[in-house]
Amino acid sequence: MNNSWFVIVNPVAGNGKFNKYWSDIQQELKFNNITYEYTKTEYSNHEKLIVQQAIKKGYNKIISVGGDGTLHHVINGIMSQNTINSKEITVAVIPLGTGNDWIKTYNIPKNIKASVNLIKQENTVFQDIGYLELANTTSYFNNVAGIGYDGYVVNKLNKLKRFGPIAYLLSGIAGLLLYKKTTFKIAINNKIIETKCLMTLFGICKYSAGGMQLTDFKDSNNGLFDITIAKNLSFLDLLFSIKKLYNGKILQHKKVETHVTNSLLITPQNKNDLSYIQADGELIGKGEVKVSIIKSAIRIVIP
């Protein structure tokens, strides 16, 4: 097994300042005597192939340089390979992305010097990973996934990312004005919930959508999803609750209910409605989705 780190670098991250950031990262890695090889991504989802090739070469310590999307693809590469058990792989993050939601759960610093110093210390914990099964595809996720409004927003967000963190708010407002709520049948904990629904979220970690707290987070390694079913929330409901979206108090709204479970099945009831599904801010597909959790699936570097 190779004891060096393998660094997967997304050169599109960093809002136009990537070259400076990458120079600083290399300098800090060298200063901390961290031996590494690296590859830059050349197209969307390239991370998945790169990490699988690195694992075949004997690397089991991976650094993701980028945002939530970069980490999402790295995790998918790790979880979908069969060279070694995913529990034997350690993942660290040097955050350069727009949202950087995943790191907030663990208080991983955005500062390059501080995040590299964490990697040197190599303090690790295990984290659960989610698994989505759709009609035509599968995907893993490490933070928060959902179906409905949030998937619609991610679809819009792809066109607005150039605006930086405010893009989440802009796409969210556009979604509230344009998204048509659908009825979901949700099979959860041996019961069926059928309701007109803005969105249903299933989270492992605490933050999503640019720092919002939309799930009742408990633990990222308890083998359970934190589920939020946001029912028939209106534009005005959310307009008057913007602060509550960020401090977690939206979960106390009378039109919101929460659950914990290790699996669920969500089926949109309108056959003409193929609701968007997102995971870690990445668009996965549409329609029915089966969700399950893999406990303690991967080792991560934290403070």
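FYI, side chains are in, hydrogens and waters are out, and symmetry mates aren't considered; it's all heavy atoms of this structure.
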Working for side chain to side chain contact (heavy atoms under 4.5 Å, CB included), residues I84 and I89
CA-CA 8 Å; I84 61 172; I89 298 173; 3.6 Å; yes
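- Listed by chain and residue number, nothing satisfies the salt bridge (Lys or Arg N to Asp or Glu O under 4.0 Å) test with D128 (two or more places apart in sequence, or in another chain).
- In this structure, the separation between OG1 on T35 and CH2 on W5 is 10.5 Å, given to the nearest 0.5 Å.
- Note that the CG atom of D68 and the CD1 atom of I75 stand 11.5 Å from one another [nearest 0.5 Å].
- Expressed to the nearest 0.5 Å, how far CD1 of I186 lies from CD1 of I227 amounts to 9.0 Å.
- Applying the side chain to side chain donor-acceptor pair (under 3.5 Å) test to every pair with at least one member in residues 114-126, sequence neighbours left out, gives these pairs: K61-E122, T124-R299.
- Counting only distance, with no hydrogens or angles, the side chain of N85 and the backbone of E88 share no donor-acceptor pair below 3.5 Å.
- D226 and T215 share no side-chain donor-acceptor pair at under 3.5 Å.
- In this model, no donor atom of one side chain and acceptor atom of the other lie less than 3.5 Å apart for T83 and Q52.
- Listed by first and then second residue, the ring pair (Phe, Tyr, Trp, His ring centres under 6.0 Å) pairs that reach into residues 24-55 are W22-Y38, Y43-H46, sequence neighbours excluded.
- Inter-residue side-chain proximity for I229 and C197 is flagged as met; some heavy-atom pair is nearer than 4.5 Å.
- K104 places a side-chain N or O within 3.5 Å of a backbone atom of N100 that can act as its donor or acceptor partner.
- Side-chain contact check for V51 versus F6: every heavy-atom pair is 4.5 Å or farther apart.
- With contacts defined as side-chain heavy-atom distances shorter than 4.5 Å, the pair K87/F126 qualifies.
- Between the side chain of S296 and the main chain of Q127, no donor-acceptor pair closer than 3.5 Å is present.
- Contact record, P95 with P109: CG-O, 3.5 Å, taken as the closest heavy-atom pair.
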Apply side chain to side chain contact (heavy atoms under 4.5 Å, CB included) to the pair L96 and N10, showing each step before the final yes or no.
CA-CA 9 Å; L96 293 184; N10 179 3; over 6 Å; no
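- The closest donor-acceptor contact from the side chain of S23 to the backbone of N19 lies at 3.5 Å or more, if one exists at all.
- At most 12 heavy atoms of other shown residues, nucleotides or ligands fall within 6.0 angstrom of atom NZ in K249.
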Taking it one step at a time, do F225 and I204 satisfy side chain to side chain contact (heavy atoms under 4.5 Å, CB included)?
CA-CA 6 Å; F225 293 117; I204 294 166; 3.9 Å; yes
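- For the atom pair NZ of K286 and OG1 of T137, the computed distance is 14.0 Å after rounding to the nearest 0.5 Å.
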Please report the C-alpha distance between D216 and T228 in whole Å, then the side-chain angles of each, then the deciding distance to 0.1 Å, and finally whether the side chain to side chain contact (heavy atoms under 4.5 Å, CB included) criterion is met.
CA-CA 8 Å; D216 188 13; T228 298; 5.7 Å; no
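- Going from atom OG1 of T70 over to atom CD1 of I94 covers 12.0 Å, rounded to the nearest 0.5 Å.
- Within 6.0 Å of atom CG in N3, 12 or fewer heavy atoms from other residues, nucleotides or ligands are found, so the atom counts as exposed in its surroundings.
- Between Y149 and Q278, the side chains place no donor N or O within less than 3.5 Å of an acceptor N or O (distance only, hydrogens not considered).
- Remark: the T138 side chain and the E133 side chain contain no N/O donor-acceptor pair separated by less than 3.5 Å.
- W102 places a side-chain heavy atom less than 4.5 Å from the side chain of V93.
- Judged by distance alone, the side chain of Q81 and the main-chain N or O of I78 form a donor-acceptor pair under 3.5 Å.
- Within the 3.5 Å criterion, the main-chain N or O of S263 finds no donor-acceptor partner in the side chain of S292.
- Side-chain contact between L134 and N136 is absent, with no heavy-atom pair separated by less than 4.5 Å.
- A donor-acceptor pair shorter than 3.5 Å cannot be found between the side chains of D101 and S208.
- Counting heavy-atom neighbours within 6.0 Å of K30 NZ, excluding the residue itself, gives a total of 12 or less.
- Looking only at side-chain heavy atoms (C-beta outward), I62 and V74 come within less than 4.5 Å of each other.
- Between the side chain of D280 and the backbone N or O of H72, no donor-acceptor pair lies under 3.5 Å.
- Put simply, CD1 on I55 and NZ on K57 are 12.0 Å apart, with the number rounded to the nearest 0.5 Å.
- Between I250 and the options K255, K244, Q213, a side-chain contact (heavy atoms from CB on, under 4.5 Å) holds for only K244.
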